[in-house]
Amino acid sequence: QVQLVESGGGSVQAGGSLRLSCAASGSTLSRKSMGWFRQTSGLKREAVATTVTSRGRTYYSDSVKGRFTFSQDGAENTFYLQMNSLKAEDTGMYYCAASPFVLDGGSWSDPTSFRDWGQGTQVTVSS
């Protein structure tokens with residue numbers, strides 16, 4: 001099992017930046033892939049980005065590609081989501097998630113591919 005704690009959310013104006021952090025602890029075998037998802041009230045959880053830690057490969061949703069960057073520290077205990085050029089539609093609760101699987105292809109964006117989730121951190125972008 002993996003414990004995940006997100007931080008770094010807040011309120012920002014459109015065009016601004018935020019960096020989210022996800023502190024991970026527990027078995028590294030259970031976090032072969034790490035993902036960021038977001039959810040707006042009443043809507044389903046949407047994949048933002050997923051990195052396959054063992055392969056150094058990262059996938060991004062089309063809506064954030066070129067604006068968001070997923071990174072990690074060398075020990076793979078903290079994962080970051082750098083969010084630039086924020087838009088009002090980026091508003092939502094952001095969740096960090098861990099998967100015991102190497103997620104390639106379409107599975108990187110499927111919430112059911114992830115087993116462990118953090119509590120979320122709120123991002124609000126005002127236009």
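No experiment lies behind these values; they were computed from the predicted model shown.
For F37 and F114, the ring centers are positioned less than 6.0 Å apart.
Using modelled atom types, one side-chain atom of R67 and one backbone atom of S63 make a donor-acceptor pair closer than 3.5 Å. A donor-acceptor pair is defined here as one N or O able to donate and one able to accept, closer than 3.5 Å; no such pair exists between the side chain of S30 and the backbone of V2. Counting only distance, with no hydrogens or angles, the side chain of T58 and the backbone of T51 share no donor-acceptor pair below 3.5 Å.
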Test side-chain contact (heavy atoms from CB on, under 4.5 Å) on V52 and D104; report intermediate values, then the result.
CA-CA 8 Å; V52 181; D104 281 322; 4.0 Å; yes

Check step by step if side-chain contact (heavy atoms from CB on, under 4.5 Å) holds for M83 and L81.
CA-CA 6 Å; M83 307 186 295; L81 185 68; 3.9 Å; yes

side-chain contact (heavy atoms from CB on, under 4.5 Å) for Y94 and V48? Distances and angles first, verdict last.
CA-CA 9 Å; Y94 282 69; V48 175; 4.1 Å; yes

Go through Q82 and F70 one step at a time and tell me if the side-chain contact (heavy atoms from CB on, under 4.5 Å) criterion holds.
CA-CA 6 Å; Q82 178 66 45; F70 196 152; over 6 Å; no

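Defined by atom type and a distance below 3.5 Å, a donor-acceptor pair is missing between the side-chain atoms of S33 and S99. Side-chain N/O atoms of Y80 and D73 include no donor and acceptor closer than 3.5 Å.
Considering R38, Q122, E6 as possible partners of M93, the one that fulfils the side-chain contact (heavy atoms from CB on, under 4.5 Å) test is Q122. Considering R115, Q1, R31, K32 as possible partners of P100, the one that fulfils the side-chain contact (heavy atoms from CB on, under 4.5 Å) test is R115.
Across every non-hydrogen atom of A47 and S61, the tightest pair is O-CB, 3.5 Å.
Taking OG of S54 as the reference point, atom CG of L29 lies at 11.0 Å (rounded to 0.5 Å). Separation of atoms CZ (F101) and OG (S113) is listed at 7.5 Å; rounding is to 0.5 Å. Here the CG atom belonging to D116 is positioned 10.0 Å from the OG atom belonging to S25, to the nearest 0.5 angstrom.
Two different hydrophobic clusters hold F68 and L103 under the rule that ILVMFWY side chains link at heavy-atom gaps under 4.5 Å. Hydrophobic clustering places V102 together with W108 (ILVMFWY residues linked when any side-chain heavy atoms are closer than 4.5 Å, directly or through intermediates). Linking Ile, Leu, Val, Met, Phe, Trp and Tyr residues whenever their side-chain heavy atoms come within less than 4.5 Å places V123 and Y60 in a single cluster.
Salt bridge D90/K87: absent, no basic N to carboxylate O contact under 4.0 Å.
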Please tabulate, for side-chain N and O atoms in residues 13-23, each donor-acceptor pair with protein atoms closer than 3.5 Å (sequence neighbours left out).
unit_1, atom_1, unit_2, atom_2, d
S17, OG, N84, OD1, 3.0

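In this structure, the side chains of C96 and W36 come closer than 4.5 Å at one or more pairs of heavy atoms. Between K44 and Q39, every side-chain heavy-atom pair lies at or beyond the 4.5 Å cut-off. At least one side-chain heavy atom of T53 sits under 4.5 Å from a side-chain heavy atom of M34.
Under a cutoff of 6.0 Å and an axis angle of 45°, R45 and Y95 form a cation-pi pair.
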